[in-house]
Amino acid sequence: MNTIGWKRQLQHIVLWFFAIVFHLFLLVNGSRTDHFRHTPLRNSQKLASTTPPVKLLISSNYVVIDNGIVKVTLTNPTGSIAGVSYNGIDNVLETDFKDTNRGYWDTVWERPGDKDHTFDMLLGTKFRVIAQDKNKVEVSFTKTWNPSNNGTTHDLPLNIDKRFVMLRGSSGFYSYGIFEHLKGWPSLILEEARIAIKLKRTLFHYMAISDDIQRMMPTDEDRSDGQILDYREAVRLTNPSNPKLKGEVDDKYQYSFENKDIKVHGWVCNTPHVGFWVITPSYEDRNGGPTKLDLTSHAGPTSLAVFFSGHYAGPELGVKIKEGEPWKKVFGPVFFYLNSDSGDNHPTLWEDAKRQMEEETTKWPYDFPESIDYPHANARGTIRGQLFVRDRYINKNPVYAKSAYIGLALPGDVGSWQYETKDYQFWTQTNETGHFNIIGVRPGTYNLYSWVPGIIGDYKYHYDIIVKQGSDINLGNLIYDPPRNGPTLWEIGIPDRSAGEFFVPDPLPALTNQLFNNTTQKYRQYGLWDRYTDLYPNKDLVYKVGVSDYRKDWFFAHVTR
């Protein structure tokens, strides 16, 4: 082969190689999920060369924060979320609503003697910039109660500080709030508090709240045209815009989860392929502990961050503040995350949202909030130890308390954490050898509580635990002695704070949500309480010990006839 021919062949080989690489690049790049991870502020020098700085624009009516990825528009001085711009969508929120009714904090409250409760959107009266540089903007919208107006106006006797934070390189924004009731102020009952997000109805139709609870959802119009069932939240879809949903039941309570499992949920838009997600990296601020149930996302399209409510529990899980009692609590931060890709596979965006949730969780407690009421990691403490179960009818020696839920809450009786509403709780699970490590604990005085799946009763450590800044307290070996009067003669079910092992009936065919036609989620179906009477029309069930099987013969819920 001559020299010229060899060079030409070499050029063809090189061009062929680069063509293959280029096509691989297009394939990878075309299927990627566009997300921008928040990098700690200590890496700001790297950020400066890769992402735009955070900008703040203030006008008489609006406050705009923009990091080149997401732009958030807040009403001034009321502090509602009027707009969120991302990936070519001018506003992912519903613009048919007033700008104060698209994304907002709210609470429901009453004072002794009130004839009814008050729904309050906590509209601020004063705006101020808390922090502003190229890497972060934090702003505040406050509402301050004036005691001199007590008795002359019906106003919420709380100081409210709503904070919004945007970080450089972050595909989203944060919000947290500080509620304060000063000494000498009147008594107050707070029934619920939350952040509500109302997304654009023409764009967001696909909702995801867990790996196996994802679907195309009915619209508000579908619900309005439907048949209201036993309560207004439950509607049978009679003429939905999506014919596949005809005859199904939609009910926002079907999409509730326990506090410990409300980590990420949200919605996906088809075109452009964009996800909007509510990420809760910690439930330390939630009332009622890890097993308290509450709402997530539901038809609207609506997404919620519920801090406390009476759902599934009643008024005991609200906050009752006595006359003259001082109280302050920080709720959040909650992260509102947006992602996108060039495909159309909705679970891809869900998986990326889960990844972001894990990333946010590992960064908790955050290092960026400016409020002195939110202690950073170096101002918190750690509690560690090892829990054993001593039950001579199980084993003559103490055994490891595996997968036990163990946590800190205000001092009280055994199990009192379930009704604790005014302070913070910190929970984790033990490992296979009963070891636990509770990190990020705010300074304060706590009791240690626990329960062990499969073991009856509740555990409480017999001493108060005082956590200070930087505390690292090793409690050593802890022994739980379950209540016993002798060997177990018989039992129905498993003591694990769940009814999942009992019999769950099928719903009536005309009252079905097809999403929940499986063994693990069937209990979410509407109207199952009425199925008990269908199954036992003349007399209650009879369970024969040693003969009956609780998986088939014990109804999963206690219901009225």
Side-chain angles (χ1 to χ4, degrees), residues 33-35 70 81 83-97 101-103 171-172 195-227 233-257 262 264-279 295-305 336-354 356 512-517 521 524 526:
T33 301
D34 296 323
H35 55 260
V70 176
I81 309 170
V84 179
S85 301
Y86 173 76
N87 195 42
I89 302 177
D90 183 60
N91 196 347
V92 302
L93 305 185
E94 182 49 73
T95 53
D96 284 346
F97 299 148
N101 196 33
R102 301 169 186 172
S171 188
I195 304 175
I197 301 292
K198 298 180 178 180
L199 296 165
K200 191 177 287 290
R201 291 174 289 186
T202 57
L203 292 181
F204 292 89
H205 302 293
Y206 185 89
M207 187 181 79
I209 62 174
S210 72
D211 287 339
D212 57 349
I213 303 180
Q214 304 183 24
R215 71 172 307 172
M216 298 296 292
M217 292 290 288
T219 66
D220 257 357
E221 290 76 12
D222 295 338
R223 288 179 49 84
S224 298
D225 294 338
Q227 173 193 355
E233 292 87 354
V235 172
R236 186 170 182 266
L237 305 171
T238 55
N239 189 30
S241 53
N242 182 351
K244 294 180 180 180
L245 300 179
K246 186 174 182 178
E248 290 197 33
V249 172
D250 180 71
D251 178 2
K252 68 179 183 180
Y253 296 111
Q254 293 179 320
Y255 302 105
S256 298
F257 271 95
I262 301 177
V264 56
H265 57 91
W267 292 82
V268 177
C269 167
N270 285 336
T271 307
H273 200 221
V274 166
F276 183 98
W277 309 99
V278 179
I279 292 179
L295 302 176
T296 57
S297 290
H298 59 79
T302 299
S303 284
L304 304 173
F336 298 98
Y337 176 62
L338 294 99
N339 60 0
S340 63
D341 66 16
S342 58
D344 58 4
N345 184 35
H346 299 338
T348 300
L349 296 185
W350 163 253
E351 290 298 324
D352 176 68
K354 288 199 304 177
Q356 186 67 35
T512 299
N513 185 324
Q514 298 297 334
L515 181 62
F516 304 126
N517 282 345
Q521 302 294 342
R524 296 178 179 272
Y526 170 84

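- In this structure, Q514 contributes its side chain and E248 its backbone to no donor-acceptor pair below 3.5 Å.
- The line from CG of D222 to CG of L245 is 7.0 Å long, rounded to the nearest 0.5 Å.
- No donor-acceptor distance shorter than 3.5 angstrom exists from the side chain of D225 to the backbone of N239, with no hydrogens or angles considered.
- Considering all non-hydrogen atoms of both residues, S171 and V70 come closest at C-CG2, 3.8 Å.
- Not counting sequence neighbours, the partners of W350 by the ring pair (Phe, Tyr, Trp, His ring centres under 6.0 Å) test are W277.
- Across every non-hydrogen atom of H265 and I262, the tightest pair is CD2-CG2, 4.1 Å.
- To the nearest 0.5 Å, atoms CE (M217) and CG (L515) are separated by 8.5 Å.
- Environment of CG in D90: sparse, with no more than 12 heavy atoms of neighbouring residues, nucleotides or ligands closer than 6.0 Å.
- Counting heavy atoms from C-beta outward, V92 and L203 have side chains that stay 4.5 Å or more apart.
- Among V84, N91, L93, the one residue that satisfies the side-chain contact (heavy atoms from CB on, under 4.5 Å) test with L199 is L93.
- The shortest heavy-atom contact between I279 and A353 is CD1-O, 4.0 Å.
- In terms of the salt bridge (Lys or Arg N to Asp or Glu O under 4.0 Å) criterion, residue partners of R223 (sequence neighbours excluded) are, by chain and number, D250.
- Here OG1 of T296 is found 4.0 Å from CD1 of I209. Values are rounded to the nearest 0.5 Å.
- Under a 3.5 Å cut-off, the side chain of R102 and the backbone N or O of G83 do not form any donor-acceptor pair.
- Put simply, the side chain of F276 does not reach to within 4.5 Å of the side chain of P301, judged on heavy atoms.
- Here the CG atom belonging to D352 is positioned 8.5 Å from the CG atom belonging to D341, to the nearest 0.5 angstrom.
- Looking at every heavy atom in both residues, Y526 comes nearest to Q254 through N-NE2, 3.5 Å.
- Here CZ of F204 is found 10.0 Å from CG of N270. Values are rounded to the nearest 0.5 Å.
- Between Y255 and F516, the gap from one ring centroid to the other is short of 6.0 Å.
- With sequence neighbours left out, the side-chain hydrogen bond (donor to acceptor under 3.5 Å, both in side chains) criterion links R524 to Q521.
- Every residue meeting the salt bridge (Lys or Arg N to Asp or Glu O under 4.0 Å) condition with D211, not counting sequence neighbours, appears here in chain and number order: K354.
- Within the model, atoms CD1 of I213 and CG of N513 stand 9.5 Å from one another, a figure rounded to the nearest 0.5 Å.
- Every side-chain contact (heavy atoms from CB on, under 4.5 Å) that D96 has, sequence neighbours left out, goes to E94, R201.
- Considering every non-hydrogen atom in both T238 and K246, the closest pair reads O-CE, 3.3 Å.
- In terms of the ring pair (Phe, Tyr, Trp, His ring centres under 6.0 Å) criterion, residue partners of H273 (sequence neighbours excluded) are, by chain and number, H346.
- The shortest non-hydrogen separation linking S340 to Y86 is OG-OH, 3.1 Å.
- Without hydrogens or angle criteria, S303 side chain to S297 main chain gives no donor-acceptor distance under 3.5 Å.
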Quiz prompt | Intermediate values then yes/no, side-chain hydrogen bond (donor to acceptor under 3.5 Å, both in side chains), Y206 and Q214 | solution = CA-CA 7 Å; Y206 185 89; Q214 304 183 24; 2.9 Å; yes
